[in-house]
Amino acid sequence: VQLQASGGGLVQAGGSLRLSCAASGRTFSRYTMGWFRQAPGKEREFVAAISWSVGSTYYADSVKGRSTISRDNARNMLYLQMNMLKPEDTAVYYCAARQGIMLTGLTYYDYWGQGTQVTVSS
């Protein structure tokens, strides 16, 4: 599966953004999907994931309550709605896919998009 993330940009603290990830391939619905981010000088970290089957979701503590991950299997799309953005949310955000159960470790994901930059100004 090929992934392409979009929707990043510059936003003021407290604002919102919705990231999108377009996936190619007819078996998108069978993949667990995740969002990860990488801030300058830091390691890539898990943000959120959604299962392929019943749409179960899981969030990192840093974004829990402020973000919502969702998917539209009919359109091969993955989304991340981020609200109440903080300067510490500034990072390049990546979508990723794996076959199998929902996991948070980035090494478990086999397919990655190119990333979209999110910058939150204070």
Side-chain angles (χ1 to χ4, degrees):
V1 60
Q2 292 183 322
L3 306 172
Q4 185 168 355
S6 62
L10 174 63
V11 62
Q12 289 188 328
S16 299
L17 278 176
R18 188 176 83 153
L19 306 183
S20 299
C21 177
S24 64
R26 294 177 293 178
T27 60
F28 171 75
S29 61
R30 299 180 184 177
Y31 288 85
T32 288
M33 301 297 297
W35 286 99
F36 294 79
R37 67 185 182 187
Q38 188 166 17
K42 295 187 177 181
E43 294 185 349
R44 194 171 299 188
E45 64 177 9
F46 169 79
V47 175
I50 185 166
S51 69
W52 67 273
S53 55
V54 296
S56 299
T57 59
Y58 187 77
Y59 298 91
D61 288 343
S62 57
V63 303
K64 192 178 298 182
R66 301 187 295 120
S67 297
T68 303
I69 187 172
S70 62
R71 64 191 298 164
D72 183 340
N73 288 338
R75 298 183 178 181
N76 283 10
M77 293 295 295
L78 173 73
Y79 303 101
L80 182 68
Q81 176 69 43
M82 299 189 296
N83 303 318
M84 296 183 289
L85 284 161
K86 305 175 182 180
E88 50 263 44
D89 293 318
T90 295
V92 177
Y93 284 71
Y94 298 88
C95 55
R98 71 178 307 274
Q99 288 185 301
I101 62 173
M102 185 169 55
L103 297 173
T104 62
L106 62 90
T107 58
Y108 294 110
Y109 287 77
D110 302 306
Y111 306 95
W112 292 83
Q114 85 289 1
T116 184
Q117 176 71 49
V118 172
T119 303
V120 184
S121 62
S122 57

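Nothing here was measured: the structure is a model prediction, and the numbers come from that model.
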Novice: With side-chain contact (heavy atoms from CB on, under 4.5 Å) as the test, would you mind laying out the steps for Thr104 and Tyr58 before giving the verdict?
Specialist: CA-CA 8 Å; Thr104 62; Tyr58 187 77; 3.6 Å; yes

Novice: Honestly curious: do Phe46 and Met82 fall in one hydrophobic cluster under the side-chain, below-4.5 Å linking rule?
Specialist: no

Novice: Specify the closest pair of heavy atoms between Val1 and Ala97, including all atoms of both residues, with the distance to one decimal.
Specialist: CG1-CB, 4.1 Å

Novice: Determine, stepwise, if the pair Tyr93 / Gln38 fulfils side-chain contact (heavy atoms from CB on, under 4.5 Å).
Specialist: CA-CA 7 Å; Tyr93 284 71; Gln38 188 166 17; over 6 Å; no

Novice: Given 3.5 Å as the limit, does a donor-acceptor pair link the side chain of Ser51 with the main chain of Thr32, or not?
Specialist: no

Novice: Which residues satisfy the side chain to side chain donor-acceptor pair (under 3.5 Å) test with Gln114, sequence neighbours excluded?
Specialist: none

Novice: Which Ile, Leu, Val, Met, Phe, Trp or Tyr residues join Met77 in one cluster when any pair of side-chain heavy atoms under 4.5 Å counts as a link?
Specialist: Tyr79

Novice: Can you list everything that forms a side chain to side chain donor-acceptor pair (under 3.5 Å) with Lys64? Sequence neighbours excluded, please.
Specialist: Asp61

Novice: I'd like to check the ring pair (Phe, Tyr, Trp, His ring centres under 6.0 Å) partners of Tyr31; sequence neighbours left out, ordered by chain and number.
Specialist: Tyr111

Novice: So which heavy atom on Leu3 is nearest to which on Ala23, and how close?
Specialist: CD2-CB, 3.6 Å

Novice: In terms of hydrophobic clustering (I, L, V, M, F, W, Y; side-chain heavy atoms under 4.5 Å; direct or indirect links), are Trp52 and Met33 co-clustered?
Specialist: no

Novice: Shortest non-hydrogen contact from Gly113 to Tyr94?
Specialist: O-CD2, 3.5 Å

Novice: Short question: side chain of Tyr109, backbone of Trp35 - any donor-acceptor pair under 3.5 Å?
Specialist: no

Novice: For residues 89-103, which residue pairs qualify under salt bridge (Lys or Arg N to Asp or Glu O under 4.0 Å), counting only residues two or more places apart or in two chains?
Specialist: Arg37-Asp89, Arg66-Asp89

Novice: For residues 115-122, which side-chain donor-acceptor pairs fall under 3.5 Å, sequence neighbours excluded?
Specialist:
unit_1: Thr116; atom_1: OG1; unit_2: Gly8; atom_2: N; d: 3.0
unit_1: Gln117; atom_1: NE2; unit_2: Ala91; atom_2: O; d: 3.4
unit_1: Gln117; atom_1: NE2; unit_2: Thr119; atom_2: OG1; d: 3.3

Novice: Listed by chain and number, what are the ring pair (Phe, Tyr, Trp, His ring centres under 6.0 Å) partners of Trp112, not counting sequence neighbours?
Specialist: Phe36

Novice: Once disulfide (SG to SG under 2.5 Å) is applied, what residue pairs with a partner in residues 68-122 remain, sequence neighbours excluded?
Specialist: Cys21-Cys95

Novice: Let me see the working for Leu80 and Val47 under side-chain contact (heavy atoms from CB on, under 4.5 Å), right down to the final yes or no.
Specialist: CA-CA 10 Å; Leu80 182 68; Val47 175; 4.1 Å; yes

Novice: If every non-hydrogen atom of Leu78 is compared with every non-hydrogen atom of Phe28, which pair is closest and at what distance?
Specialist: N-CZ, 4.3 Å

Novice: Once salt bridge (Lys or Arg N to Asp or Glu O under 4.0 Å) is applied, do any residues pair with Asp72, and if so which ones, sequence neighbours excluded?
Specialist: Arg75

Novice: Output every pair passing disulfide (SG to SG under 2.5 Å) with a member in residues 30-59, not counting sequence neighbours, ordered by first then second residue.
Specialist: none

Novice: Any sub-3.5 Å donor-acceptor pair from Ser24's side-chain atoms to Gln2's backbone N or O?
Specialist: yes

Novice: Rounded to the nearest 0.5 Å, how far does CG of Leu19 lie from CD of Gln81?
Specialist: 8.5 Å

Novice: Let me see the working for Ser56 and Met102 under side-chain contact (heavy atoms from CB on, under 4.5 Å), right down to the final yes or no.
Specialist: CA-CA 8 Å; Ser56 299; Met102 185 169 55; 4.2 Å; yes

Novice: Can you list every salt bridge (Lys or Arg N to Asp or Glu O under 4.0 Å) pair that touches residues 108-122, not counting sequence neighbours?
Specialist: none

Novice: Which residue pairs pass the side chain to side chain donor-acceptor pair (under 3.5 Å) test when at least one of the two sits in residues 3-18, sequence neighbours left out?
Specialist: Ser16-Asn83

